[in-house]
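Since the structure comes first, as structure tokens, the remarks are kept for the end.
Predicted, not measured: the structure shown is a model, and the values here were computed from it. In what follows, residues are counted from 1 in the order of the sequence shown.
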Amino acid sequence: AERLLQYMKEDENSPRPNSVSYCLVAAAYAKSDERQNPIYAMELFRDALERGIYIEGRFVNAVIRSFGGEVDAAVEAWKNEIAPAIRLQMKDGRFRKKSRYMRNIDITAVYNGLLTVCGRGRRADLALRFVYAMGKEGVEPTETQLQCYNAGKRQADLKSTTKFSLSTQFETLLAVECTKYIKSDVRRKKDKKIKIIF
């Protein structure tokens, strides 16, 4: 994938690389477990920014997932480099016309990547903070975010990750925040309802 992207950059007859091209390379980094992948993925992210390519949520998701279980490094990259670049891009006139729906999809994809990394690092406390941050950005967390955390948890290397002392309590809170009551959910039809009067 990396060689193909390099070929697209250099060859005049091939199509110019776009966000999908960069996303495929970042996804390849996310799939393999090499220690250098976060460094390569962040270089790829910077290269996309320099070339003026729109940074999609799927691309950022793959870049963040390339950190594996290194939650602190992923959060630092998100806070210091990725999030400011995305905010700056949202103010850019070329990309400002994107619909609110598409921006929400991008935000959701980014947070799904962060939650997957939190799961791999067994950090339910940080995952809960990201779910709250999603709500502040106007995107309601759903069971998909909980599934992302659980998918990361299944990929976790239990030898290298230390279980956070209150992780069970935070995982329970995460489940509550991500599985709010929705009237249209067919699975909830048999649930009993109570009315609380204060």
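- Listed here is the closest heavy atom pair of Leu49 and Ala85: CD1-CB, 3.7 Å.
- Counting heavy atoms from C-beta outward, Ile82 and Phe45 have side chains that approach closer than 4.5 Å.
- Of all heavy-atom pairs between Gly57 and Asp106, the closest is N-OD1, 3.2 Å.
- Contact detail for Ala30 and Ala62: the closest heavy-atom pair is CB-O, 3.6 Å.
- For the atom pair Asn112 CG and Tyr149 OH, the distance stands at 14.5 Å (nearest 0.5 Å).
- The shortest side-chain heavy-atom distance between Thr108 and Gln145 falls under the 4.5 Å cut-off.
- Within the structure, side-chain hydrogen bond (donor to acceptor under 3.5 Å, both in side chains) contacts touching residues 77-86 (residues at least two apart or in different chains) are Arg46-Glu81.
- Judged by distance alone, with hydrogens and angles left aside, the side-chain atoms of Glu177 form no donor-acceptor pair with the main-chain N or O of Leu174 at under 3.5 Å.
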Side chain to side chain contact (heavy atoms under 4.5 Å, CB included) assessment of Leu126 paired with Leu114 | CA-CA 9 Å; Leu126 282 176; Leu114 287 165; over 6 Å; no
Just distance, no hydrogens or angles: give the donor-acceptor pairs under 3.5 Å from side chains in residues 66-73, sequence neighbours left out.
from, atom 1, to, atom 2, distance (Å)
Ser66, OG, Val63, O, 2.5
Glu70, OE2, Arg35, NH1, 3.4

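- Under a 3.5 Å cut-off, the side chain of Asn18 and the backbone N or O of Ser21 do form a donor-acceptor pair.
- Side-chain contact check for Ile107 versus Ile86: every heavy-atom pair is 4.5 Å or farther apart.
- Partner Ser19 forms a side-chain contact (heavy atoms from CB on, under 4.5 Å) with one of Leu24, Ile53, Ile55 and no other, that one being Ile53.
- Residues Glu56 and Tyr22 have side chains that never bring a donor and an acceptor to within less than 3.5 angstrom of each other.
- Here the closest non-hydrogen pair linking Ala127 and Cys118 is N-SG, 3.8 Å.
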Determine, step by step, whether Leu44 and Tyr29 satisfy the side chain to side chain contact (heavy atoms under 4.5 Å, CB included) criterion, reporting the C-alpha distance in whole Å, the side-chain angles of both residues, the deciding distance to 0.1 Å, and the verdict.
-> CA-CA 10 Å; Leu44 189 70; Tyr29 288 141; 4.2 Å; yes
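- Defined by atom type and a distance below 3.5 Å, a donor-acceptor pair is present between the side-chain atoms of Arg65 and Asn61.
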Stepwise, does the side chain to side chain contact (heavy atoms under 4.5 Å, CB included) test hold for Cys178 with Thr142?
-> CA-CA 5 Å; Cys178 292; Thr142 63; over 6 Å; no
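- The distance from the CZ atom of Arg123 to the NZ atom of Lys153 is 14.5 Å, given to the nearest 0.5 Å.
- Here CE of Met42 is found 8.5 Å from CD1 of Ile64. Values are rounded to the nearest 0.5 Å.
- Nearest heavy atom pair, residue Glu171 against residue Ala124, reads CG-CB, 3.5 Å.
- No continuous path of hydrophobic side-chain contacts links Tyr132 to Val176 [ILVMFWY only; heavy atoms under 4.5 Å].
- Put simply, CG on Leu173 and CG on Asp125 are 11.0 Å apart, with the number rounded to the nearest 0.5 Å.
- Look at Asp47 and Arg51 and you find a salt bridge, because one of the NZ, NE, NH1 or NH2 atoms lies within 4.0 Å of a carboxylate O, short of that distance.
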